[in-house]
Amino acid sequence: MNEQIRRVAVWSGWLRLVHGVLAISTLVLLTTGWLVAKSPMLATAAADIHYLGASVLIATLALRAFLGFFGKGSERFEHMLPQRSEFKAMRASLLFYLSLGRAPLPGWYAHNPLWKPVYLLLFLSLLLLAVSGWLMPETPVIGRFYLPTVHVWLAKAVFVMTLAHLFSVVLQDVKGKAADISAMLSGYRYFSIDREGIDKGEVTPVSVRLSDISRMPQDSERKR
């Protein structure tokens with residue numbers, strides 16, 4: 001089969017910036033939060049950095065929300081809602097992870113269908129973390145909820161989702177063909193296509209319109 005590799009711009013500069021700042025601020029918050037709880041000698045300094053990191057996180061979440069509602073293409077939240085047509089790809093993605101890459105990796109255009117609801121849950125968890133952290137010094141109890149405990153639970157949930165995300169992108173980069181890690185730096189993903197359009201191999205077809213690919217500059221194409 002006359003297979004080609006097409007390099008396609010998927011992630012905008014603003015989205016990549018938000019992704020990077022969210023990743024760094026989340027790492028800082030998880031680390032300093034752990035130091036505040038477990039290291040009395042470093043608690044004061046860690047708390048100062050923690051509050052600074054929280055401010056950066058809130059500002060970045062606000063920018064992500066703006067892009068989600070008013071941005072373009074893959075920036076918008078509507079593209080993060082799972083579609084019924086993607087259920088097969090979600091199942092195939094899960095099998096790929098559980099088999100540690102031995103099962104075929106399905107194709108997709110921007111967001112991994114399996115991770116779409118997890119991304120939304122992660123954004124919500126980060127928002128609730130920020131709100132609970134802001135409220136708990138003055139209002140530690142709301143209804144039956146003790147906010148410091150809720151804050152810790154949310155932090156643990158974010159930690160688990162972060163580890164799972166790192167595991168998945170590394171596995172996809174090693175076993176897949178789309179260069180997912182470098183895509184978040186350059187903005188470009190790679191797609192295998194044939195003369196009739198999308199590669200029709202055994203894996204689940206990529207969810208992308210042919211017009212999206214055909215509009216890309218010809219000099220971004222490499223033959224294999």
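Below, each value reflects all heavy atoms present in this structure, side chains not excepted, and no hydrogens, waters or symmetry copies.
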For this session: Just say parallel, tilted or perpendicular for the rings of Phe69 and Phe77, cut-offs at 30° and 60°.
Result: perpendicular

Problem set entry | Test: Lys116 and Glu86 ion pair at under 4.0 Å | yes

Problem set entry | Distance, nearest 0.5 Å, that separates CE of Met80 from CG of Asn112 | 11.0 Å

Problem set entry | Short side-chain to backbone donor-acceptor contact, Ser25 and Leu22, under 3.5 Å | yes

Exercise. At what distance, to the nearest 0.5 angstrom, does CG of Leu135 lie from CD1 of Ile142?
Worked result: 5.0 Å

Exercise. Would a 4.5 Å heavy-atom cut-off, applied to side chains only, mark Leu81 and Leu120 as touching?
Worked result: yes

For this session: Run the numbers on Arg16 and Leu185 for side-chain contact (heavy atoms from CB on, under 4.5 Å), then give the verdict.
Result: CA-CA 7 Å; Arg16 300 197 315 270; Leu185 299 177; 5.9 Å; no

Exercise. For Tyr146, does the OH atom sit with more than 12 other heavy atoms under 6.0 Å from it, leaving out its own atoms?
Worked result: no

For this session: Is it possible for you to say whether Leu42 and Val28 belong to one hydrophobic cluster, with membership spreading through side-chain heavy-atom contacts below 4.5 Å?
Result: no

Exercise. Between atom CH2 of Trp134 and atom CG of Leu147, what is the distance when rounded to the nearest 0.5 Å?
Worked result: 11.5 Å

Exercise. Minimum heavy-atom separation for Thr32 to Ala46, with atom names?
Worked result: CB-O, 3.5 Å

Exercise. With hydrophobic residues grouped by side-chain heavy-atom distances under 4.5 Å, do Met136 and Leu35 end up in a single group?
Worked result: no

Problem set entry | Closest heavy-atom pair and its distance - Pro82, Met90 | CB-SD, 4.3 Å

For this session: Find out whether Ser125 and Met161 are in side-chain contact, i.e. whether some heavy atom of one side chain is under 4.5 Å from a heavy atom of the other.
Result: yes

Problem set entry | Donor-acceptor pair, side chain of Arg64 and main chain of Glu75, under 3.5 angstrom | yes

Exercise. In terms of heavy-atom contacts, does CD of Glu78 have more than 12 from other residues, nucleotides or ligands at under 6.0 Å?
Worked result: yes

For this session: Kindly indicate whether a cation-pi arrangement holds for Arg7 with Tyr188, taking the cut-offs as under 6.0 Å to the six-membered ring centre and within 45° of the axis.
Result: yes

For this session: Output the distance between atom CG (Leu126) and atom CG (Leu57), rounded to the nearest 0.5 Å.
Result: 5.5 Å

Exercise. Can you tell me how far the CG atom of Leu17 sits from the OG atom of Ser12, to the nearest 0.5 Å?
Worked result: 9.5 Å

Exercise. Is any side-chain heavy atom of Val56 less than 4.5 Å from a side-chain heavy atom of Val21?
Worked result: yes

Problem set entry | hydrophobic_cluster_shared for Val160 and Val158, side chain cutoff 4.5 Å | no

For this session: Kindly state whether the ring of His111 and the ring of Trp11 have centres lying under 6.0 angstrom apart.
Result: yes

For this session: For Phe96 and Gln172, run side-chain contact (heavy atoms from CB on, under 4.5 Å): C-alpha distance rounded to whole Å, both residues' side-chain angles, the deciding distance at 0.1 Å, then the answer.
Result: CA-CA 9 Å; Phe96 171 79; Gln172 288 166 197; 4.1 Å; yes

For this session: List the atom of Leu29, the atom of Ala54, and the distance in Å for their closest heavy-atom pair.
Result: CD2-N, 3.5 Å

Seminar exercise, completed: Minimal heavy-atom distance between Leu30 and Ala155, with the atoms involved, is CD2-O, 3.6 Å

Exercise. Should Leu105 and Lys175 count as side-chain neighbours, where that means a heavy-atom distance under 4.5 Å?
Worked result: no

Exercise. Does the Arg189 side chain pair with the main chain of Val8, one donor and one acceptor, at a distance under 3.5 Å?
Worked result: no

Exercise. Closest approach of Pro106 and Ala89, non-hydrogen atoms and distance?
Worked result: CG-O, 3.5 Å

Exercise. Looking only at atom types and distance, does a side-chain atom of Ser99 sit under 3.5 Å from a main-chain N or O of Ala103, one as donor and one as acceptor?
Worked result: yes

For this session: Drop me the distance from Leu127's CG to Leu61's CG, to the nearest 0.5 angstrom.
Result: 6.5 Å

Exercise. Does a side chain donor of either Ser74 or His79 reach within less than 3.5 Å of an acceptor in the other side chain?
Worked result: no

Exercise. Counting only N and O atoms by type, is there a donor-acceptor contact under 3.5 Å from the side chain of Ser168 to the main-chain atoms of His165?
Worked result: yes

Exercise. Transitively linked via ILVMFWY side-chain contacts under 4.5 Å: Phe145 with Leu129?
Worked result: yes

For this session: Grab the two heavy atoms, one from Ala130 and one from Ile58, that are nearest each other, plus how far apart they are.
Result: CB-CG1, 3.7 Å

For this session: Using a cut-off of 6.0 Å, state whether more than 12 heavy atoms not belonging to Phe159 lie near its atom CZ.
Result: no

For this session: Please check if atom CZ in Arg76 has more than 12 non-hydrogen atoms from other residues, nucleotides or ligands closer than 6.0 Å.
Result: yes

Exercise. Any chain of hydrophobic side-chain contacts (each under 4.5 Å) joining Trp115 to Val169?
Worked result: no

Exercise. Any side-chain heavy-atom pair from Val10 and Phe191 closer than 4.5 angstrom?
Worked result: yes

